[in-house]
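Residue numbers begin at 1 in each chain, while the letters A, B, ... track the order of the sequences.
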Amino acid sequence: MTITGQPVHRRLGMTDEEYESVVGILGRDPLPAELAMYSVMWSEHCSYKSSRAHLRRFPTQAPWVVVGPGENAGVVDLGDGWLAALRIESHNHPSFVEPYQGAATGVGGILRDVFTMGARPIALWDQIRFGPLDDPKNRYLFGGVVAGIAGYGNAVGVPTVGGEIEFDPTYAGNPLVNVMCLGILRQEQLVLGTAGEPGNVAVLLGKATGRDGIGGASVLASASFDDGSQEKRPSVQVGDPFEEKKLIEACLEIFEAGLVAGIQDLGAAGLACAISEPAGRAGVGMDVDLDSVHVRELGMTAPELLMSESQERMMAFVTPANVESVLAIADKWEIDSAVVGTVKAGGTLTVRHGGETVAELPAASLADDAPLYDRPYSRPDWLDDLWEIPEPSSIEPVDALLQLLDDPAIGSSAWVHEQYDHMLFLNTLSGPGGDGSLLRIRGTTKGLAVSTDGNGRLCLLDPRRGAARLVYESALNVAMTGARPMAVVDNLNFGNPEKPEVMWQFRESVEGISEACEALGIPVVGGNVSFYNETDGADIHPTPVVGLLGLADPIPTHLPGLSRANAGLEIWEVGPEATGNLAGSAFQRVVEGAHRGRPTAPQPEAAKEVIELAAALAHQVLVLHDISTGGLAVTVAEICIASGVGAELWVQPDASLFSEDPHRFVVMLEPGTVTLPGGVARRIGTVGGDSLEIGGHKVGLDLLTNTYREAIPHRMRG
Amino acid sequence: MRTAVVVFPGTNCEHDVVHALRSLGGEAELVWHRETDLGDFDGVIIPGGFAHGDYLRTGAIARFSPVMSEVERMAAKGAPVLGICNGFQVLCEAGMLPGALIANRDLAFICRFVEVEVTDVSTILTRSAEIGQRIRIPLNSYEGNWVDPGSGARMVLRYVDNPNGSQGSAAAISNAAGNVVGVMPHPERASDELLGSADGLVLLESFLHSLVPA
Amino acid sequence: MRVSVEITRRPEIADPEGTNIMRALTDLGHRNVDSVRVDRIIHLDVSGDDPGQVKVSVEEMCRQLLANPVLEDFRVEVGE
Amino acid sequence: MRVSVEITRRPEIADPEGTNIMRALTDLGHRNVDSVRVDRIIHLDVSGDDPGQVKVSVEEMCRQLLANPVLEDFRVEVGE
Ligand SMILES: Nc1ncnc2c1ncn2[C@@H]1O[C@H](COP(=O)(O)OP(=O)(O)O)[C@@H](O)[C@H]1O
Ligand SMILES: [Mg+2]
C-alpha cells in the first residue's frame with residue numbers, strides 16, 4: 001500500500017529498518033492502525049530514540065525522590081505527608097505554526113502531566129525564545145505566544161509566576177516555548193500511569209476526539225522545518241481551558257475518592273500512547289473498542305482515532321466496582337466520558353473498530369522495543385576559533401548599562417507577566433520580576449521555590465560549562481528566597497541529532513547538568529527532549545533549559561526583595577571575584593554584537609558555599625539579588641529601579657562590571673546588622689541619592705528606570 | 001451568619017475568597033451552581049474566574065445556572081450580594097447590575113496592583129471604609145472595561161489611574177439599594193501583607209458587617 | 001436549516017477590538033481605512049421545516065442568550 | 001466605501017465556543033439546534049472609488065492582519 005509512490009511508513013516518518021523490526025515483532029506486515037501506532041510511539045518525540053542512551057547519565061536518586069524519570073512527572077517528598085510533582089515540556093514547533101494555540105496547548109499538556117500524578121497544579125513557568133523584535137514576524141510570534149499562555153493559564157486557573165525570555169537570531173526560524181508546571185499533593189493521593197490488574201476498565205474522560213494534530217507532536221516535533229514541512233503540518237489543535245479546568249476538578253475529586261488504579265493523560269500519540277504505555281508499565285494487555293470513543297467528527301478511521309492529539313483528554317483505569325462512581329463525578333463536572341476498554345492478562349493489546357480487529361500487538365513493544373540510536377557525535381571544529389580570546393574592548397560603563405537595560409531580554413518583563421495571572425491561590429510570596437519564585441504551602445511553614453534558566457549563547461560557547469552553570473544559577477536563585485535546592489527537571493532544546501556536532505552539544509549539556517546536580521547532591525526527576533529545532537539546515541544554539549525546585553522551611557519571615565533597598569544600606573558583593581571574562585555575556589551580545597571566548601568554568605565548592613550562605617542570609621537581610629545577565633552593573637541597577645533609590649559603587653568601571661562569572665550575588669543590609677564572612681564577601685558601595693554612580697561615572701535613576709520599563713513596550717509598538 | 005460562595009464550572013477564585021473571609025472570622029461555604037436553595041445563607045459572593053469558560057460573553061451562560069434565581073431572591077430581600085471580577089460580569093449579564101463589561105481598552109489581560117478610591121460608603125462593600133480612602137488592590141481581568149449607556153449606577157470605587165477604559169473610571173458599582181455590588185479588582189488578593197497589601201480587608205469586613213440574620 | 005445571526009454592537013458602545021485593529025492597519029500603511037467595527041456572526045443548524053417558526057425560535061435564543069440587549073442588536077437570517 | 005469581511009474558522013478546526021454555546025442552548029430547552037459555529041465579521045469604512053481596488057486592498061489587510069491563515073478563511077464584500 002503506497003501513497004504518492006512513497007511507502008506509507010516513510011510518510012509516517014518511519015525508516016525502512018524500523019518498519020522491518022515492526023514486521024519482526026508481529027511476524028507479519030502491520031495493519032494500517034498498527035503501523036500508525038508504531039510510527040507515533042517510535043517517533044523521536046515519544047521514544048527518545050536518539051537521547052535515551054544519554055539521559056541515563058543523569059543522577060536520578062535521592063532519599064526524597066518518590067517518582068523519578070519515566071512517569072508523567074517527577075515527584076519529591078517535602079515532609080509532613082506533602083509531595084511535589086514537577087515537569088517541563090516544550091511546544092516549539094506548534095508555536096511556530098500557530099503561536100497562540102501552540103503555546104496554549106503546550107500549557108494544557110504540561111498541566112495534564114502534573115495532575116495525572118494526583119497533584120493539584122499550583123503554578124506555571126514559561127521559558128520562551130524568539131528572533132529579534134525589530135522583525136514584525138517575531139513580534140507576532142512573541143505576542144501570540146504570550147497571549148496564548150495567558151489565555152490558557154489564566155482561564156484554567158493556574159498562575160504563571162515566572163519564566164525567562166531570550167531574543168536571538170538563532171530562534172527566528174524556530175522559536176522555543178517551554179513550560180514548567182509544579183503541583184502539590186498529599187502522599188496518599190499519588191497516582192501512577194498504570195493500567196493495574198486484569199479486569200480493570202479503561203474510561204476515557206474529557207473532550208470528544210477529532211482529527212486534531214494527527215501526528216502533530218509525533219511527526220511535527222520529530223522533524224525539522226524545511227520546504228517540505230507544509231505537508232507535514234497537521235490540523236492545528238485548539239485549546240479549551242474551560243474543558244481542562246473541569247477535567248482537573250473531576251480528576252482530583254476522583255483521586256480523592258480513591259477510585260482509580262491508574263491514569264494516563266493523552267498527549268503526543270494520543271490514544272495509542274494512553275492505552276499502550278499504562279498496559280506496558282503494568283505488564284498487562286487490553287481490549288479496546290474504538291467505536292465507543294466519543295468523537296467530534298464523523299467517519300474517523302482507526303489510525304486517525306489512535307493518533308489524534310485532541311486536547312483535554314485523560315484515560316482512567318478503574319476497577320469495575322468503581323466505574324459507576326467515576327462516571328457520576330464526570331457528569332457532575334459536565335465532562336464527557338466513555339468506557340473504551342478492558343484490561344486483560346497476557347500483554348496483548350487488541351483494538352477493534354467497526355466490529356473488526358484493527359490491531360493486535362504486544363502492548364509493551366510500542367514503548368520497550370522502540371529503536372535506540374547511538375548517533376555519532378563530534379566536537380565542532382569551529383569552536384576553537386570561537387574560543388580565541390577577543391581583544392578587550394574599551395568599556396563605556398554608562399552607555400553599556402543603558403544599552404543593556406534597553407534590551408528586551410534584560411529590561412522589565414512587566415509587558416509579559418502582567419498578562420499572566422500570577423497571584424491566584426494567594427500563595428505567591430515572590431512572583432515575576434525577582435529571582436526565584438516562592439510559593440507558600442498554606443497551613444505549613446514550607447515554601448516551594450522554583451527557578452528556570454536557559455542560555456543558548458553560553459551553551460554554544462561551551463555546552464558542558466554552560467549547562468552546568470544553568471543548574472548553579474537556578475540553585476542560587478532559589479537560595480535568594482531562603483530555599484535549599486532539591487530537584488531538577490530539564491528541557492533539552494537542540495538542533496538535528498543526525499548531525500554529529502549537535503549530538504556532541506547534546507552529550508556535553510547532559511554531562512554538564514549531571515556534574516552540577518551531583519555536586520549539589522540533587523537528582524533529575526524528569527524532563528523533555530526537543531530535537532530538530534532547525535530551519536533550512538540551520539540548527540538553533542544548543543538551549544538546555546533547567547527548572548530547579550527548592551524547599552524553604554521555614555519561609556523567611558521578612559523575605560528580601562529587590563524593592564526593599566533604602567538610603568544608607570551597605571552594598572556587598574558575595575562570591576568569587578569576577579575575572580572580567582565576558583564570554584557568552586549579554587555585554588558581548590548587546591554592546592559588541594558578538595559571542596566569543598570560553599565561558600568561565602563553574603566552581604562546585606564555591607557554588608555550594610555561596611548557595612548555603614545566601615539561603616541563610618535570606619532570613620536576615622533586606623535585599624538579595626544574584627549576579628547573572630548583565631553582570632554586577634545590571635544587578636545593582638535593577639535593585640535601584642525597583643526600590644526607587646540611587647547607589648554608589650566603588651568598583652573599577654571595567655569588564656568585571658558586566659562579567660557574568662558564576663556563583664555571585666549582591667547583598668544590601670543595615671550597617672552593623674549582619675557580619676559577612678570576609679573570605680567571600682566584599683563591601684562595594686552604599687545605597688542613596690537619585691543616581692547610580694559607578695567608579696566616578698554617573699547616570700540618573702529616572703533615565704535608568706524609563707529605559708528599563710520601555711525595553712519591550714517601545715519595540716512592540718513597532 | 002453564613003456566606004455562600006458560588007462555584008460555576010470555570011470559577012477559580014472560590015477558595016481564595018473563602019480563605020480571606022474565614023481569616024476575618026466569617027463563615028463561608030462553597031455552593032455548586034446547580035444548588036436551588038440558599039435558604040440558610042445570609043449573603044452571597046460570586047467569585048472570580050471564567051464561569052462556563054466565559055464563552056460567548058463573560059457571564060452570559062453562567063447567568064442561567066439554577067443558583068442564580070436564588071441569588072436574585074436574596075438580593076430582592078436586601079441581603080448582601082457581591083460579584084468579584086467574573087462575578088461582577090455575571091451580575092451585569094443577569095441584569096442585577098446596570099451596564100456590561102467589555103474588553104480592556106488595550107485588548108490585553110491586566111494582572112497587577114492598581115489604586116482605587118472609595119466614592120460611596122453606604123454599600124455592602126464600603127460601609128467600613130471612608131470617602132476618599134485609597135486602596136491598593138490587584139486587578140486581574142481581560143474584560144474589566146465597564147460600560148453603561150444608561151449610566152444609572154452608583155459609583156462605589158473609582159480607579160485613580162484608569163487602566164482599562166472603564167466608564168467613569170468605575171472599579172466597583174452598586175445597585176440603587178447598595179446591597180448588590182460588582183467589583184473588578186480582587187479584595188481577597190489584598191488580604192495579607194505577605195501578598196503585597198492588606199488594603200482589601202476593609203472591603204471584606206464591610207461585606208461581613210452587612211450580613212444580617214436571614 | 002442553516003441560520004445565521006449577526007450580532008452587532010450598538011454604535012454608541014466602545015469597540016476596543018475595532019479601535020486596535022484600526023490602529024494596527026494604519027501602522028501597516030493602510031491609510032485608506034476610516035473606521036473598523038468588529039461584530040460576531042453565529043451560524044446555527046436548526047432542525048425544522050417552517051422558516052418562519054425557525055426564525056421565531058432563533059430570535060428567542062438571541063433575546064435569551066446570544067445577544068446582550070445592553071450592548072448589542074441582532075439580525076436573524078434563515079437560509080435554505 | 002462600506003466593506004464587510006467575514007472571517008470563518010476552517011471547518012476541521014475545533015470551535016470550543018460554538019460547542020459550549022450549543023450546550024447552553026440545549027440546557028435552555030432549545031433541542032432543535034444541531035450545531036453552532038461562531039465567526040467574526042469586520043465592518044470597515046474604506047476611502048476609494050474603485051470597488052475592485054478597495055477589494056484588493058482589503059484582501060491584503062486580511063492576509064496581513066485580519067485573518068489567521070492557519071485557522072481561518074475570509075470573504076470580502078464591498079458594499080455601496
Ligand atoms: N531530558 C530529560 N531529562 C529527564 N527525564 C526526561 C527527559 N526527557 C524525557 N524524560 C522523561 O521521559 C519520560 C517520558 O517522556 P514523554 O514521553 O515526553 O512523557 P509524556 O508522554 O508524558 O510527555 C518522562 O518521565 C520524562 O520525564
Ligand atoms: Mg504525559
*Is the number of heavy atoms from other residues, nucleotides or ligands within 6.0 Å of CG (D/Asp49) greater than 12?*
no

_Check: B/Leu56 main-chain N/O paired with D/Glu17 side-chain donor or acceptor under 3.5 Å_ = yes

_Determine whether B/Phe64 and D/Leu28 satisfy the following criterion, side-chain contact (heavy atoms from CB on, under 4.5 Å), listing intermediate values before the conclusion._
CA-CA 8 Å; B/Phe64 292 103; D/Leu28 285 171; 3.4 Å; yes

_I need the B/His52 NE2 to D/Ile21 CD1 distance, nearest 0.5 Å._
13.0 Å

